[in-house]
K.L.:
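Below you'll find the structure I mean.
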Amino acid sequence: MSERASRSKKGTIEDRAARLRGHFARLGPAFVKLGQVLSTRADFLPPSYCHELTKLQENVEPSSFEHAEALVLSELGVENLEGVFKDGLPKKPVAAASLAMVYKTNLAVEGGPAVAVKVQRPFLAESVALDATILRGIALFLRYVFGLRSDVVGVVDELVGNIFGELDYREERDAVERFRATYALGGGSGKDLAGKVRAPRVLPELSTEKVLVMEWVHGVRLTDASEVRSSAVLLERGVRCSLHQLLETGFMHADPHPGNLVVDSKTGALTYLDFGMTVTVDARRRRAMLRGLVGFVNRDAASLVRDLVELEFLPDSVNVEAATRALADVFDGVAERETKETKESTKSAVRKENTVGAVRGTNDFLGVVSQLGAALYAHEFRLPPYFARVLRALAALEGVAVGVDKNFKVIEYCYPYVLARLVRDPDPETRETLKRLVLAPDGESVRWRRVARVFAAVADGFKKTRRNPEKGFVSRDEDEDDVSSGTRSTRSTRASFFRCGEDFADVAKRVAETALALAEGADELARDGCARDRDSFDGTPDGTGTATFGDDTALAASAVRDAMEHVMSPAGTRLRAALVRDALEACDDVFFSAPNVSANDERSDDEARGARVRADDVSSDENETADTETRSFRETETERLELDPASLLALAESAREVYVAAPRTWAPVIAATAAKPGAAEMSFSFGRGIAKRATRENARRAAKAALKAFEKAL
């Protein structure tokens with residue numbers, strides 16, 4: 001039986017993979033494109049299939065040299081190519097893809113540089129039209145047989161229509177120039193991407209509708225995994241670049257398979273090739289995607305349903321309340337499973353929410369769409385045609401990431417970037433999403449762990465890069481917990497400023513850096529003088545000469561200003577009381593936490609905590625604000641998880657990094673907040689709470705804990 005089954009499979013798995021590649025190649029350009037996408041899905045197909053389908057990226061059977069030569073002569077309007085290219089056009093292309101062949105040659109000038117000549121295949125329009133007819137027929141059949149709700153025919157039209165767009169190289173030339181301008185130094189893409197992501201320079205005088213001449217890019221392709229696997233920085237840069245394209249510029253390279261990505265081994269610049277397939281996403285949809293991902297990660301069912309309607313995943317006629325209940329039920333089921341797993345497993349220092357993928361049960365964009373589709377199937381969830389190219393690009397990107405690092409978690413890496421982008425977006429709906437993210441449902445208490453993640457994400461954007469002398473890459477500090485996953489735990493290097501045992505020179509450097517930043521902030525306030533109307537500060541760095549409202553720092557400052565306006569308003573009375581309560585609780589944790597107390601201490605930690613509570617007792621006739629000064633937020637807010645001392649200090653370090661990055665922008669924001677009447681009220685309440693703790697016993701315990709920490713440092 002096994003021999004018969006083996007014979008029925010007709011050869012080894014490698015043989016079957018080769019036959020599948022051959023079928024795709026013979027079926028035409030549209031099917032080759034499908035094979036290219038599948039080649040990146042190492043999580044979906046066996047390695048042998050992925051390896052074989054990768055050949056479709058540049059190893060398709062080329063058309064004849066005679067056709068290529070005749071086409072170039074005709075398009076350039078010359079009688080012989082030797083006058084344009086040194087030694088003319090080579091007989092064999094260096095790469096042959098579904099729509100074109102690429103030849104490497106040199107310009108016919110003194111010391112002529114190497115160029116890539118992209119030549120269109122013959123009879124493409126006819127072939128693509130035939131593919132479109134076949135694929136539309138298949139789509140109609142599948143929709144009828146399986147009752148698919150998605151507009152699969154529209155999706156096919158979208159993909160095939162884009163292939164027709166690839167047949168005009170003038171559009172590709174314009175796309176390349178737009179991409180180059182975006183990621184050039186000073187192009188507004190930020191220090192992490194500017195100059196480190198690029199596209200080849202096009203020679204417009206030698207480029208036409210069917211011929212495209214560009215500079216030849218020297219480097220290593222991502223298809224050569226042995227050359228790039230050791231560098232997690234490539235994944236960071238590639239994923240960050242795609243997120244920047246999708247969520248900020250709205251102009252995205254829609255075909256980032258490994259054959260279209262080249263890495264300069266000296267500079268680390270990631271070069272995108274083949275801009276025939278791009279996608280444009282308008283600002284409204286970009287913001288909805290941003291809010292939707294945050295809503296998915298944080299189980300905000302109501303917000304997510306609204307964003308899905310705006311993104312056209314759900315029809316306008318959907319019953320929003322019913323869809324919200326259905327999604328909330330799914331999220332509640334996930335929460336119950338997490339709670340059960342947490343109780344059964346050993347408590348970890350790294351909280352569950354720090355691994356977004358584990359919490360949500362998926363770590364890729366296709367998985368997100370699949371989960372939402374399953375949860376909202378009864379409410380007519382469908383894939384909108386415009387999103388097909390976006391999903392194709394994300395699928396290819398995820399495939400590249402998994403191919404380089406099988407443990408790479410795309411959603412987990414993307415989430416900090418999404419949080420930072422959320423903070424920088426001034427749109428009122430986005431600001432409302434940020435508010436729901438960091439406040440409890442009643443709006444009267446803070447989810448501190450989420451606040452910590454937001455600060456860490458913003459600080460990560462300000463973190464300076466440095467050059468790696470061994471690899472030649474400009475990379476982030478390599479002492480991060482897990483660069484390849486793109487996220488840090490609460491025990492990350494952000495707490496290194498406060499960590500016992502750290503190198504004294506580094507501590508001194510950070511102290512000096514902070515002192516200098518504080519001096520700069522004071523100078524900024526002094527320059528403006530007391531004439532600044534702090535109550536009307538509008539988030540712009542008026543007169544600083546160091547920033548504009550459009551930059552990341554000013555946008556983040558605007559978000560903080562808006563948040564403080566809410567906290568200090570009459571509507572924020574209970575929230576201010578909660579903040580005071582949490583601040584006092586944090587002081588208790590830092591100065592009296594169990595980890596700082598020896599196991600041989602005269603009293604147990606429970607007894608010590610009881611002493612603190614007794615010191616904090618207030619009379620029953622005191623008002624609610626005074627009562628909240630000493631109430632433990634852990635007893636009243638079950639959704640928020642405790643921030644231990646290390647996490648609290650990590651949050652403080654993130655805030656320090658954010659301030660140090662632009663003190664002249666942040667100092668006016670802080671001053672404006674401190675000038676509010678609500679700030680004085682909070683200071684008074686906090687001081688009263690501290691005074692209640694200023695007992696001889698507590699002073700003894702704090703001194704003892706400090707001494708133990710100092711001994712540990714030594």
Side-chain angles (χ1 to χ4, degrees), residues 291-307 320-321 323-336 338-339 342 351-353 359-360 419 422-423 428-455 559-586 588-589 616 618 620 622-643 647-648 651 673 676-679 681-682 685-686 689:
R291 298 191 302 265
L293 185 57
V294 172
F296 176 81
V297 170
N298 293 287
R299 304 192 186 107
D300 188 346
S303 173
L304 182 53
V305 167
R306 289 195 298 270
D307 292 327
V320 174
E321 292 185 2
T324 299
R325 286 195 300 271
L327 196 55
D329 288 343
V330 173
F331 285 157
D332 290 344
V334 173
E336 290 177 4
E338 288 174 10
T339 302
T342 302
R351 299 291 184 180
K352 197 93 171 172
E353 191 172 345
V359 171
R360 306 299 167 253
L419 287 180
L422 191 74
V423 172
E429 288 189 43
T430 304
R431 288 286 165 85
E432 186 63 27
T433 298
L434 182 62
K435 179 181 174 181
R436 290 197 304 271
L437 175 68
V438 299
L439 295 183
D442 59 9
E444 297 179 359
S445 57
V446 179
R447 290 165 160 162
W448 283 109
R449 288 180 50 254
R450 294 187 180 182
V451 171
R453 294 199 67 182
V454 170
F455 264 96
V560 172
R561 183 263 302 163
D562 286 351
M564 291 299 99
E565 288 287 345
H566 173 73
V567 171
M568 298 302 168
S569 70
T573 300
R574 289 181 177 273
L575 183 56
R576 291 196 297 275
L579 288 172
V580 172
R581 179 192 69 212
D582 293 351
L584 292 171
E585 185 72 22
D588 290 345
D589 283 343
D616 297 338
V618 294
S620 59
E622 288 184 329
N623 61 32
E624 181 180 1
T625 300
D627 181 56
T628 58
E629 291 171 7
T630 55
R631 187 190 309 137
S632 171
F633 73 85
R634 297 186 188 90
E635 298 172 0
T636 59
E637 180 53 67
T638 57
E639 288 187 8
R640 271 179 306 142
L641 298 179
E642 175 182 354
L643 281 178
S647 301
L648 289 168
L651 172 59
T673 302
K676 300 285 186 182
E681 169 197 317
M682 293 176 66
S685 297
F686 180 75

K.L.:
How close do Val567 and Arg576 get, counting heavy atoms only, and between which atoms?
P.N.:
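Answer, listing the atom of Val567 first, then Arg576: O-NH1, 2.8 Å.
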K.L.:
Roughly how far, to the nearest 0.5 Å, is the CZ atom of Arg453 from the CG atom of Asn298?
P.N.:
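The CZ atom of Arg453 is 8.0 Å from CG of Asn298, to the nearest 0.5 Å.
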K.L.:
Is any side-chain heavy atom of Leu437 closer than 4.5 Å to one of Arg450?
P.N.:
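Yes. Closest side-chain heavy atoms under 4.5 Å.
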K.L.:
Can you check whether Leu575 reaches Leu439 side chain to side chain, under 4.5 Å on heavy atoms?
P.N.:
yes
K.L.:
In sequence, state the C-alpha distance, the side-chain angles, and the governing distance for Asp300 and Val294, and then conclude on side-chain contact (heavy atoms from CB on, under 4.5 Å).
P.N.:
CA-CA 8 Å; Asp300 188 346; Val294 172; over 6 Å; no
K.L.:
Please name the pair of heavy atoms, one in Ser445 and one in Arg581, separated by the smallest distance, quoted to 0.1 Å.
P.N.:
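That would be CB-NH2, 4.2 Å.
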K.L.:
Enter the distance from Arg431:CZ to His566:NE2 here, rounded to the nearest 0.5 Å.
P.N.:
14.0 Å
K.L.:
Nearest 0.5 Å, please: how far is OG1 in Thr573 from CD in Glu444?
P.N.:
9.5 Å
K.L.:
Which heavy atom of Ala328 sits nearest a heavy atom of Ala301, and at what distance?
P.N.:
N-CB, 3.8 Å
K.L.:
When you compare the side chains of Ser303 and Arg436, does any donor N or O come within less than 3.5 Å of an acceptor on the partner?
P.N.:
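Present: a donor and an acceptor within the cut-off.
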K.L.:
Distance check, rounded to the nearest 0.5 Å: Thr673 atom OG1 versus Glu565 atom CD?
P.N.:
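So the gap between those two atoms works out to 7.5 Å.
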K.L.:
Of all heavy-atom pairs between Leu434 and Ala559, which one has the smallest distance, and what is that distance?
P.N.:
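Answer, listing the atom of Leu434 first, then Ala559: CD2-CB, 4.4 Å.
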K.L.:
What are the two closest non-hydrogen atoms of Trp448 and Asp582, and how far apart are they?
P.N.:
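Of all heavy-atom pairs spanning Trp448 and Asp582, the closest is NE1-OD2, 2.7 Å.
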K.L.:
Is a salt bridge present between Lys676 and Glu681, judged by a nitrogen-to-oxygen distance below 4.0 Å?
P.N.:
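Glu681 and Lys676: not salt-bridged.
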K.L.:
Working to the nearest 0.5 angstrom, can you tell me the gap between Phe331 CZ and Phe296 CZ?
P.N.:
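Spacing of CZ (Phe331) from CZ (Phe296) equals 6.0 Å.
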K.L.:
Does the side chain of Arg447 reach to within under 4.5 Å of the side chain of Pro441, using non-hydrogen atoms?
P.N.:
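In short, these two side chains touch, coming nearer than 4.5 Å.
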K.L.:
Calculate, to the nearest 0.5 Å, the distance between atoms OG1 and CG belonging to Thr324 and Leu304 respectively.
P.N.:
9.0 Å
